[in-house]
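Order of the sequence lines sets the chain letters (A, B, ...), proteins ahead of strands, with each chain counted from 1.
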2 protein chains.
Amino acid sequence: MRRSDRLFQIVNYLQGRRIAVTASDIAQEFDVSVRTVYRDIQDLILTGVPISGEAGVGYLMARNHCLPPMTLEVGELETLMLGAAMVNSWTDATMAKSARSLVSKLKSVLSDKDREIFAGTALFAPYSTMQIPWTVDFSAMRAAIRDKRKVKLNYADEKGDLTKRIIRPLSLSFFGPTWLLHGWCELRKDHRNFRLDRIQDAEILEDVFIDTPETSLRHYLQRHGYKDGLHD
Amino acid sequence: MRRSDRLFQIVNYLQGRRIAVTASDIAQEFDVSVRTVYRDIQDLILTGVPISGEAGVGYLMARNHCLPPMTLEVGELETLMLGAAMVNSWTDATMAKSARSLVSKLKSVLSDKDREIFAGTALFAPYSTMQIPWTVDFSAMRAAIRDKRKVKLNYADEKGDLTKRIIRPLSLSFFGPTWLLHGWCELRKDHRNFRLDRIQDAEILEDVFIDTPETSLRHYLQRHGYKDGLHD
DNA sequence: ACACTCCTGACAATAAATGTCAGTAGCAAT
DNA sequence: ATTGCTACTGACATTTATTGTCAGGAGTGT
């Protein structure tokens, strides 16, 4: 095994671990000496990989994703940049921040010639006056989806009629100029979509839900033949 | 210089060249022997870099972009995937294809654990019934922008009134649920934006334009304090 | 045929990486 | 304070990988 391959695999190994890993563990895993592990870790840190090590504890690494060298075509890179611009303009402050740091990282690894090409691509996704504003906390809602927390909504339908309901939030979908929150509605006992701009109020509850086949996102997507061309 | 660094730099060197480059050129550029160059090229090809070599000619490489190993946070990778989904759903078939191949490449380098995390992110950008359809050839328009070709438009404004005008196309901007073509309008002698869905007809002309300070995109962006947070 | 290139194997020389050993330091528990 | 458990570093002999030289083969165009 080439050293550069081993370095890459050490990073993946550390990321797959939730608790600290000692140099001795790594040495055994990769069949090298502890001294070599110390050298490898030092080189990884020098190239910017965020590994922290504590005497008596071991090594820890934040949950990042290391991508190996990749070759992208012009169109793919344009997709990446335009996509980031769209996320920056059409999601919330948290995701916008991620989009900006992603672009910043890309720019730092692209050559000057590559950067010139982008200046000439002329594809933008600016902040848009056509956006319909929403007051829901996007990140909090995402956390509720992830942690399977029920949410109490005050929702105004297209006629302006208000309803209160408890839902199991399952996903968020971009329907420019707005977003839809998809969930299982306990009031209607069925799947429903809610436009973020029509949610008057959303309270994340302590109640946690467990997916059943009927109430799950997977079930809904399969039943409706979900189509964005990217997900399986 | 480490060998892995040199390999990466050889790729960048080849991409910066429009005509074939001999092993001898590369050897001089990097101060190594020709035999070493042959070995390096072979290793690059083995790892998937698309280099073609012809006896008597030299080496050629398609205009791709090689990214070195990168470390992305979860949010950045989510941005990337959601962005690709947005581009897939809200641009044209050409860019959608690039988006799909980008996602495919990413999936092929992500670990199984990483892929699980994405299954749980629950952020989508499906094909949307709210999209306002357009008949303009998006890719042809992008080519006109790139090649600085004037375009003859039949345009219907919001009242439905038709005008014919010749413009210098400068950029495309996403204003979900539609796109705007920005250009210098020769009829109005000023910058104008045109919704793609209101363009009845667009004919790319053979006439080529040269930017002047007044008519350029740069000028317009500076004058209007363009804001998307990603471009300088 | 000649010129110009890519390509490969073999091997001595050079460079880089590795493992062993010794020593230093930090943190927590006893 | 001592012990146990770890991270850390330098030195040096040994091992491994890489490099350059040399020789030979092949393809394309003039």
Side-chain angles (χ1 to χ4, degrees), chain A residues 1-64 66 68-71, chain B residues 1-71:
Chain A
M1 185 183 326
R2 277 191 302 192
R3 183 168 190 249
S4 56
D5 292 337
R6 188 178 72 236
L7 291 185
F8 186 68
Q9 285 181 31
I10 286 173
V11 171
N12 282 335
Y13 180 73
L14 284 178
Q15 292 193 320
R17 298 294 176 279
R18 297 282 175 132
I19 58 174
V21 177
T22 65
S24 173
D25 296 329
I26 298 171
Q28 272 184 47
E29 180 70 23
F30 292 93
D31 204 30
V32 293
S33 69
V34 172
R35 186 67 183 87
T36 293
V37 172
Y38 289 136
R39 287 191 186 108
D40 287 350
I41 297 286
Q42 188 174 70
D43 282 353
L44 286 170
I45 290 171
L46 280 182
T47 60
V49 181
I51 298 172
S52 62
E54 269 185 78
V57 179
Y59 294 109
L60 273 171
M61 190 174 160
R63 182 122 211 123
N64 277 309
C66 288
M70 290 178 73
T71 303
Chain B
M1 184 186 323
R2 278 189 304 189
R3 185 174 188 246
S4 57
D5 293 336
R6 188 178 71 236
L7 291 185
F8 185 68
Q9 285 180 33
I10 285 174
V11 172
N12 283 335
Y13 181 73
L14 284 178
Q15 292 193 318
R17 299 293 175 282
R18 298 286 176 126
I19 59 175
V21 177
T22 66
S24 173
D25 296 330
I26 298 171
Q28 272 183 49
E29 180 71 22
F30 292 94
D31 204 29
V32 293
S33 69
V34 172
R35 183 68 182 88
T36 293
V37 171
Y38 289 136
R39 288 193 186 103
D40 287 350
I41 297 286
Q42 186 173 71
D43 281 353
L44 286 170
I45 290 170
L46 279 183
T47 62
V49 182
I51 298 171
S52 62
E54 269 185 79
V57 179
Y59 294 108
L60 274 172
M61 190 172 159
R63 183 118 212 122
N64 277 309
H65 299 266
C66 290
L67 302 179
M70 290 176 73
T71 302

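In this structure, the side chain to side chain contact (heavy atoms under 4.5 Å, CB included) partners of B:Leu60, at least two apart in sequence or on a different chain, are B:Ala20, B:Ser52. In terms of the side chain to side chain contact (heavy atoms under 4.5 Å, CB included) criterion, residue partners of A:Ala27 (sequence neighbours excluded) are, by chain and number, A:Val34, A:Val37. Every residue two or more places apart in sequence or in another chain that forms a ring pair (Phe, Tyr, Trp, His ring centres under 6.0 Å) with B:Tyr13 is listed here: B:Phe30. Residues forming a side-chain hydrogen bond (donor to acceptor under 3.5 Å, both in side chains) with A:Asp43 (at least two apart in sequence, or on another chain): A:Arg3. Residues passing the side-chain hydrogen bond (donor to acceptor under 3.5 Å, both in side chains) test with B:Thr36, sequence neighbours excluded: B:Ser33. Scored by the side-chain hydrogen bond (donor to acceptor under 3.5 Å, both in side chains) test, A:Arg6 finds A:Asp40 as partners (sequence neighbours excluded). For A:Asp5, the side chain to side chain contact (heavy atoms under 4.5 Å, CB included) partners are A:Met1, A:Arg2, not counting sequence neighbours.
One distance of note links CD of A:Gln28 with OG1 of A:Thr22; it measures 8.0 Å at 0.5 Å rounding. Rounding to the nearest 0.5 Å places CG of A:Leu14 at 5.0 Å from CD1 of A:Ile51. In this structure, the separation between CG on A:Leu7 and CD on A:Gln9 is 10.0 Å, given to the nearest 0.5 Å. In this structure, OH on A:Tyr59 lies 16.0 Å from CD1 on A:Ile19, to the nearest 0.5 angstrom.
Taking every nucleotide of DNA chain D with any atom under 4.0 Å from a non-hydrogen atom of chain A, the first and last of them, 5' to 3', are D:dC5 to D:dA11. From the 5' end on, the contacts that DNA chain C makes with chain B at under 4.0 Å to a non-hydrogen atom open and close at C:dC4 to C:dA10.
When each of A:Gly58 and B:Ala55 is assigned the nucleotide of DNA chain D bearing its nearest heavy atom, the one mapping closer to the 5' terminus is A:Gly58. Between A:Arg2 and A:Val21, the residue anchored closer to the 5' end of DNA chain D is A:Val21, taking for each the nucleotide with the nearest heavy atom. With the nearest nucleotide of DNA chain C identified for both A:Arg3 and A:Val57, A:Arg3 has the one nearer the 5' end.
Between the axis at the start and the axis at the end of the helix from C:dA1-D:dT30 to C:dT30-D:dA1 there is an angle of 40°, using five pairs per end and rounding to 10 degrees.
Sorted by first and then second residue, the salt bridge (Lys or Arg N to Asp or Glu O under 4.0 Å) pairs with a member in residues 12-28 of chain A form an empty list; sequence neighbours excluded.
Contacts between residues 33-43 of chain A and DNA chain C, defined by a heavy-atom separation below 4.0 Å, involve A:Ser33, A:Arg35, A:Thr36, A:Arg39, listed by number.
At most 12 non-hydrogen atoms from other residues, nucleotides or ligands lie less than 6.0 angstrom from CD of B:Glu54.
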